[in-house]
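Data first, discussion second: the structure below is written as structure tokens.
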Amino acid sequence: MKRRHQSSLALVVATSLLGLSPQAMAKDLRVAYAGSMGAVMDRHLGPTFAKAHNVQYQGEGQGAYGLAHLIAAHKLRTDVFVSITPGPIEVLIKAGLVKEAYPVASTAMCIAYSPDSPYAKDFKEAAEGKVPWYEILQKPGVVFGRTDPKTDPQGQNIVFTFMLAEKYYHQPDLVNKVLGPVENPQQIFTETSLLSRLKSGQMAASSGYLSAVKSLHLPYITLPDQINLSNPAMVKDWYSKVHFTLNVDGKPKTVHTQPLVFYAAVPVDAPDSQLGMAFIHFMTSPQGQAMFKETGYNPPKGDVLK
């Protein structure tokens, strides 16, 4: 299935590139991506592709839901949109702005911690399996950071992780003990600043995608598949058992778990759709996949979204 999708994508790109003149290629490639992807996009994939195709790379990283709504409202035009989880892509499919999206990588939830925190030794022991990680997070003085569940899938996913952890570890009320309210302003930061704040020691620990945490060479605690949302095979019988409600624009919205797969799409109003398709093909190529692997990502999982 995966090979057939890649072959189909390659054919689309090859056909598109035949019509590109050198002048057409000498322009900007605009990529809007989930904020956690900054390292792999801005240091590896974007610059490498730009050099090979004689274009200027422009990357913008934010919460994927926030980006999707900007694109849907025609406030942001981009050649490629890369989302974490299907949710933000589905926003654009529903709006008629995306016809299909391709899986390009995957990741897992983890708990990242600061090497300069007074609790770093405790978290290291938790990472080695000597003590339960959730007990360290409940120690007085431990500051935990996460992102906004209204605008960022990671903000939702860490809540799901703790809800699943309650069941998996038989720890009632764990969500409230560590996270407090779902929308807790004392813990919420932008996705692009969360790990940099952690790295600088402004907090003891934070939520994180394993890919982004590895990219920044931060220490982390690996979580089992039962709670890290990485395994699409567990969605139906396990992950789907948890959900919660957010207040969005004054209305309640119930959100559900989705597997942590990165999808790339070219919006129908992209400034240069041919260039966008070429970049997606590059991400799924052996060279692109090697860059994902080197920066902590897992191979893509699942099928094309339509």
Side-chain angles (χ1 to χ4, degrees), residues 34-36 62-66 68-69 83-88 90-91 106-113 132-138 142-195 197-198 203-213 220-232 234-236 238-249 251-262:
S36 67
Q62 293 184 30
Y65 273 110
H69 289 299
S83 164
I84 174 67
T85 75
E90 290 167 352
V91 170
S106 62
T107 191
M109 291 301 295
C110 70
I111 302 297
Y113 63 92
W133 57 269
Y134 49 84
E135 290 185 359
I136 309 303
L137 289 175
Q138 295 177 64
V142 171
V143 177
F144 184 75
R146 54 192 174 102
T147 61
D148 190 346
K150 286 185 178 180
T151 60
D152 182 36
Q154 185 185 154
Q156 297 178 11
N157 291 330
I158 190 60
V159 177
F160 290 135
T161 290
F162 274 85
M163 294 178 76
L164 290 167
E166 281 189 351
K167 298 176 178 292
Y168 183 67
Y169 295 110
H170 306 290
Q171 294 291 317
D173 206 33
L174 183 61
V175 174
N176 185 58
K177 288 178 180 178
V178 178
L179 304 183
V182 169
E183 299 175 52
N184 183 353
Q186 293 184 346
Q187 291 186 340
I188 291 175
F189 302 90
T190 64
E191 186 174 21
T192 51
S193 72
L194 180 65
L195 294 182
R197 288 174 181 270
L198 177 67
M203 60 188 74
S206 78
S207 67
Y209 291 136
L210 190 56
S211 49
V213 172
Y220 59 90
I221 298 168
T222 301
L223 304 175
D225 276 10
Q226 286 83 354
I227 67 174
N228 71 13
L229 302 176
S230 72
N231 191 342
M234 290 187 172
V235 172
K236 182 179 179 181
W238 181 245
Y239 296 162
S240 64
K241 303 303 179 183
V242 297
H243 56 82
F244 63 92
T245 302
L246 290 168
N247 187 332
V248 180
D249 297 328
K251 298 178 181 179
K253 178 184 178 182
T254 300
V255 292
H256 302 269
T257 57
Q258 293 187 319
L260 297 183
V261 177
F262 294 88

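Just so it is clear, the values below take in all heavy atoms, side chains as well, and ignore hydrogens, waters and symmetry mates. Please read all numbers here as calculations on a predicted model, not as lab measurements.
- Scanning both residues, P232 and P259, for their nearest heavy atoms gives CG-CB, 4.1 Å.
- Within the 4.5 Å cutoff, the side chain of H256 has no heavy atoms near those of the K241 side chain.
- Judged by distance alone, with hydrogens and angles left aside, the side-chain atoms of K150 form a donor-acceptor pair with the main-chain N or O of N247 at under 3.5 Å.
- Within the 4.5 Å cutoff, the side chain of T245 has no heavy atoms near those of the K253 side chain.
- Between P153 and Y65, some side-chain heavy-atom pair lies under the 4.5 Å cut-off.
- Contact between V255 and H243 at its shortest, heavy atoms only, is O-CB, 3.2 Å.
- Between L229 and the choices L223, N157, I158, the side-chain contact (heavy atoms from CB on, under 4.5 Å) rule is met once, by N157.
- Side-chain contact between L260 and S106 is absent, with no heavy atoms from C-beta onward closer than 4.5 Å.
- In this structure, E166 and V175 approach most closely via the heavy-atom pair OE2-N, 2.9 Å.
- Atom CG of L210 and atom OG of S36 lie 11.0 Å apart (nearest 0.5 Å).
- Under the side-chain contact (heavy atoms from CB on, under 4.5 Å) rule, E191 has a single partner from T151, D152, D148, which is D152.
- The aromatic ring centres of W133 and F162 sit less than 6.0 Å apart.
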Begin with the C-alpha distance, continue with both residues' side-chain angles, and end with the deciding distance and a verdict on side chain to side chain donor-acceptor pair (under 3.5 Å) for Q154 and S207.
-> CA-CA 8 Å; Q154 185 185 154; S207 67; 2.8 Å; yes

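- Ring planes of W238 and Y168: perpendicular class, angle over 60° (limits at 30 and 60°).
- Interatomic distance, T254 OG1 to F244 CZ, rounded to the nearest 0.5 Å: 9.5 Å.
- A donor-acceptor distance shorter than 3.5 angstrom exists from the side chain of S240 to the backbone of V235, with no hydrogens or angles considered.
- The shortest heavy-atom contact between V213 and A112 is CG2-CB, 3.8 Å.
- Side chain of T107 to backbone of S211: a donor-acceptor contact under 3.5 angstrom is found.
- Without hydrogens or angle criteria, N184 side chain to Q186 main chain gives a donor-acceptor distance under 3.5 Å.
- Separation of atoms CZ (F144) and CG (L198) is listed at 9.5 Å; rounding is to 0.5 Å.
- Heavy-atom minimum distance, L194 versus T147: CD2-CG2, 3.8 Å.
- In plain terms, the two heavy atoms of A165 and L174 that are nearest each other are CB-CD2, 3.9 Å.
- Ring pair Y239/F160: centre-to-centre distance not below 6.0 Å.
- Atoms CE and OG1, on M163 and T161 in that order, are 11.0 Å from each other to the nearest 0.5 Å.
- I227 places none of its side-chain heavy atoms less than 4.5 Å from the side chain of M109.
- Here the CD1-OH distance, from I221 to Y134, works out to 12.0 Å after rounding to the nearest 0.5 Å.
- Checking side-chain atoms of Q156 against main-chain N and O of P149 turns up a donor-acceptor pair under 3.5 Å.
- Atom CE in M203 sits 11.5 Å away from atom CZ in R146 (nearest 0.5 Å).
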Given side chain to side chain contact (heavy atoms under 4.5 Å, CB included), test E183 with L246 step by step and report yes or no.
-> CA-CA 8 Å; E183 299 175 52; L246 290 168; 3.7 Å; yes

